[in-house]
Participant: 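Below you will find the structure I want to go over with you.
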There are 2 protein chains.
Amino acid sequence: MFDLIRVLKEKGYKVTPQRIAVYDLLKGTKEHPSADMLYNKLQPLYPTMSLATVYKSLEVFKELGLVQELNVGEDKFRYDANARQHPHITCSCCGKVEDVDDEMFFDLLEQVSQKTGYELVNQKLYFFGYCPQCQKNKVSGVS
Amino acid sequence: MFDLIRVLKEKGYKVTPQRIAVYDLLKGTKEHPSADMLYNKLQPLYPTMSLATVYKSLEVFKELGLVQELNVGEDKFRYDANARQHPHITCSCCGKVEDVDDEMFFDLLEQVSQKTGYELVNQKLYFFGYCPQCQKNKVSGVS
DNA sequence: TTTGCTATTGATAATAGTTATCTTCACAAT
DNA sequence: ATTGTGAAGATAACTATTATCAATAGCAAA
Ligand SMILES: [Mn+2]
Ligand SMILES: [Mn+2]
Ligand SMILES: [Zn+2]
Ligand SMILES: [Zn+2]
């Protein structure tokens with residue numbers, strides 16, 4: 001099982017309550033929050049925590065390969081405690097961001113590498129559309 | 001064959017030399033330039049053109065479905081006069097952005113739609129790695 | 001436990017890409 | 001020619017993110 005505290009210590013980073021709080025919150029959600037979403041959720045429990053600290057914690061986690069940054073076309077980044085690359089899908093109506101099962105993408109990297117001659121190291125796959133919930137609301141006339 | 005002037009007129013937009021210049025430049029390049037890259041390239045021929053005009057032209061083109069906006073993880077957007085969704089690959093060394101042949105992605109949308117229940121309208125596929133040129137430079141010791 | 005070093009925090013200023021504002025200009029319709 | 005309106009250019013405003021810096025706190029050594 002993965003342990004934030006161990007990784008921080010191994011790499012010479014200090015273990016602070018702020019870092020633990022940010023990481024735990026991100027780890028415990030499926031909603032791919034942005035920095036300010038994390039900040040707002042932390043406010044009640046950690047009212048003195050600065051937004052800058054949220055950004056700096058995320059920066060450290062990125063360096064350590066513990067989180068990944070997503071850009072789904074908004075003017076801000078979202079974050080994912082699942083650092084393994086996997087496709088995401090965004091609802092253009094309600095804005096939520098969800099994971100896509102990536103079985104079907106298994107040999108994609110290999111194919112792209114062969115086609116382009118690139119030595120591939122990463123990929124970001126984003127899909128956009130209307131989620132089942134928003135489709136339902138639409139036909140039933142809910143705004 | 002596609003005609004910018006016709007589309008602008010049809011939709012009630014004025015045909016201006018600035019819009020034509022921005023579009024022609026974007027249409028004639030494969031490098032997926034950002035707004036300021038376009039602006040800088042236009043400077044010699046159109047020294048009075050404002051950066052704001054570049055942005056506003058791109059905005060119009062987006063509305064008309066004539067261009068697409070790319071985000072390859074930089075802190076700015078890039079633009080593509082090929083508005084049809086197609087995968088892109090970025091070299092993490094030299095920063096160039098290229099197209100990927102999308103034959104292999106034909107049935108991807110359908111598969112994702114089935115898996116997620118989303119009504120899909122769009123996708124953005126970004127790959128990252130090292131281009132053949134940069135791989136060569138690396139082994140030959142060029143910085 | 002106490003001490004001391006130094007990374008980290010919190011507050012805030014700075015940065016940079018993008019958008020909004022506003023005045024002037026171009027130009028098409030009358 | 002006159003007039004109305006969208007667009008251009010200049011620049012201010014905006015906003016997410018990053019940098020700065022004094023005060024704080026984690027942690028290793030004594
Ligand atoms: Mn995810
Ligand atoms: Mn392209
Ligand atoms: Zn939705
Ligand atoms: Zn390269």
Side-chain angles (χ1 to χ4, degrees), chain A residues 4-23 25-26 32-40 42-64 66-79 95 97, chain B residues 4-23 25-26 32-40 42-64 66-79 95 97:
Chain A
L4 171 69
I5 294 174
R6 179 177 53 73
V7 176
L8 283 175
K9 283 185 176 167
E10 271 177 17
K11 304 287 181 171
Y13 288 96
K14 289 187 176 171
V15 178
T16 67
Q18 291 89 341
R19 285 176 178 162
I20 294 173
V22 172
Y23 184 80
L25 180 55
L26 188 57
H32 304 87
S34 60
D36 69 293
M37 289 164 74
L38 289 166
Y39 173 71
N40 287 323
L42 288 166
Q43 275 299 99
L45 259 164
Y46 300 84
T48 68
M49 196 189 297
S50 167
L51 176 58
T53 298
V54 175
Y55 275 108
K56 283 181 281 198
S57 298
L58 292 169
E59 178 66 26
V60 170
F61 301 156
K62 270 193 288 174
E63 279 176 35
L64 298 179
L66 303 182
V67 310
Q68 67 172 307
E69 211 169 48
L70 306 181
N71 189 304
V72 295
E74 299 168 321
D75 55 353
K76 62 190 170 189
F77 289 109
R78 286 169 174 261
Y79 296 88
V97 179
Chain B
L4 171 69
I5 294 174
R6 181 177 50 75
V7 176
L8 284 174
K9 283 185 177 168
E10 272 177 16
K11 304 287 181 171
Y13 290 95
K14 286 191 177 169
V15 178
T16 68
Q18 290 89 343
R19 284 176 178 161
I20 294 173
V22 172
Y23 184 80
L25 179 54
L26 188 56
H32 304 89
S34 60
D36 69 292
M37 288 164 75
L38 289 166
Y39 174 72
N40 287 322
L42 289 166
Q43 276 299 99
L45 259 164
Y46 300 85
T48 67
M49 195 188 298
S50 167
L51 176 58
T53 298
V54 175
Y55 276 108
K56 282 182 281 196
S57 298
L58 292 168
E59 179 66 27
V60 170
F61 301 156
K62 271 193 289 174
E63 280 175 36
L64 298 178
L66 303 182
V67 310
Q68 67 171 306
E69 209 169 47
L70 306 181
N71 189 305
V72 295
E74 300 167 320
D75 55 352
K76 62 189 170 188
F77 289 108
R78 285 169 174 261
Y79 296 88
V97 179

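In the text below, chain A, chain B and the rest are named by the order of the sequence lines, each starting its count at 1. Values below: all heavy atoms of this structure, side chains included; hydrogens, waters and symmetry mates excluded.
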Participant: If you define the side chain from C-beta out and look only at heavy atoms, does anything of Val22(B) sit under 4.5 Å from Met49(B)?
Facilitator: yes

Participant: Heavy atoms of chain B, cut-off under 4.0 Å: which first and last nucleotide of DNA chain C, 5' to 3', fall inside that, if you could look?
Facilitator: dG17(C) to dT21(C)

Participant: Flag the pair Glu59(B) and Lys62(B) as a salt bridge only when some basic side-chain nitrogen lies within less than 4.0 angstrom of an acidic carboxylate oxygen.
Facilitator: yes

Participant: Could I get a table of every N or O pair under 3.5 Å where one atom is in the protein and the other is in nucleotides 6-13 of chain D?
Facilitator:
{"residue": "dA7(D)", "atom": "OP1", "partner": "Lys14(B)", "partner atom": "N", "Å": "3.1"}
{"residue": "dA7(D)", "atom": "OP1", "partner": "Arg19(B)", "partner atom": "NH1", "Å": "2.9"}
{"residue": "dA7(D)", "atom": "OP1", "partner": "Arg19(B)", "partner atom": "NH2", "Å": "3.3"}
{"residue": "dA7(D)", "atom": "O5'", "partner": "Arg19(B)", "partner atom": "NH2", "Å": "3.4"}
{"residue": "dA8(D)", "atom": "OP1", "partner": "Thr16(B)", "partner atom": "OG1", "Å": "2.8"}
{"residue": "dA8(D)", "atom": "O3'", "partner": "Gln18(B)", "partner atom": "NE2", "Å": "2.9"}
{"residue": "dG9(D)", "atom": "OP1", "partner": "Gln18(B)", "partner atom": "NE2", "Å": "3.2"}
{"residue": "dG9(D)", "atom": "OP1", "partner": "Thr48(B)", "partner atom": "O", "Å": "3.3"}
{"residue": "dG9(D)", "atom": "OP1", "partner": "Thr48(B)", "partner atom": "OG1", "Å": "3.4"}
{"residue": "dG9(D)", "atom": "OP2", "partner": "Ser50(B)", "partner atom": "N", "Å": "3.3"}
{"residue": "dG9(D)", "atom": "OP2", "partner": "Thr53(B)", "partner atom": "OG1", "Å": "3.0"}
{"residue": "dG9(D)", "atom": "O5'", "partner": "Thr48(B)", "partner atom": "O", "Å": "3.3"}
{"residue": "dG9(D)", "atom": "N7", "partner": "Lys56(B)", "partner atom": "NZ", "Å": "3.4"}
{"residue": "dG9(D)", "atom": "O6", "partner": "Lys56(B)", "partner atom": "NZ", "Å": "3.0"}

Participant: Leu58(A) versus Leu38(A): any side-chain heavy-atom pair under 4.5 Å?
Facilitator: yes

Participant: Expressed in angstrom and rounded to an integer, what is the separation of Tyr39(A) atom OH from dT15(D) atom C1'?
Facilitator: 16 Å

Participant: Rounding to an integer number of Å, can you tell me how far Glu59(A) CD sits from dT18(D) P?
Facilitator: 6 Å

Participant: Between atom OH of Tyr23(B) and atom CG of Leu25(B), what is the distance when rounded to the nearest 0.5 Å?
Facilitator: 12.0 Å

Participant: Quickly work out the Leu8(A) CG to dG26(D) C1' distance and round it to whole Å.
Facilitator: 12 Å

Participant: Indicate whether the side chain of Gln68(B) and that of Tyr79(B) have a donor and an acceptor atom separated by less than 3.5 Å.
Facilitator: no

Participant: Just by distance, do the side chain of Arg19(A) and the backbone of Leu4(A) share a donor-acceptor pair under 3.5 Å?
Facilitator: no

Participant: So which atom in Tyr39(A) and which in Leu51(A) form the shortest heavy-atom distance, rounded to 0.1 Å?
Facilitator: CE1-N, 3.5 Å

Participant: Does Leu64(B) reach the side chain of Leu8(B), with side-chain heavy atoms less than 4.5 Å apart?
Facilitator: yes

Participant: Measure from CD1 on Ile5(A) to C1' on dG26(D) and round the result to the nearest Å.
Facilitator: 13 Å

Participant: When you check the phosphate oxygens OP1 and OP2 of dT17(D), does a side-chain N or O of Tyr55(A) lie under 4.0 Å from one of them?
Facilitator: yes

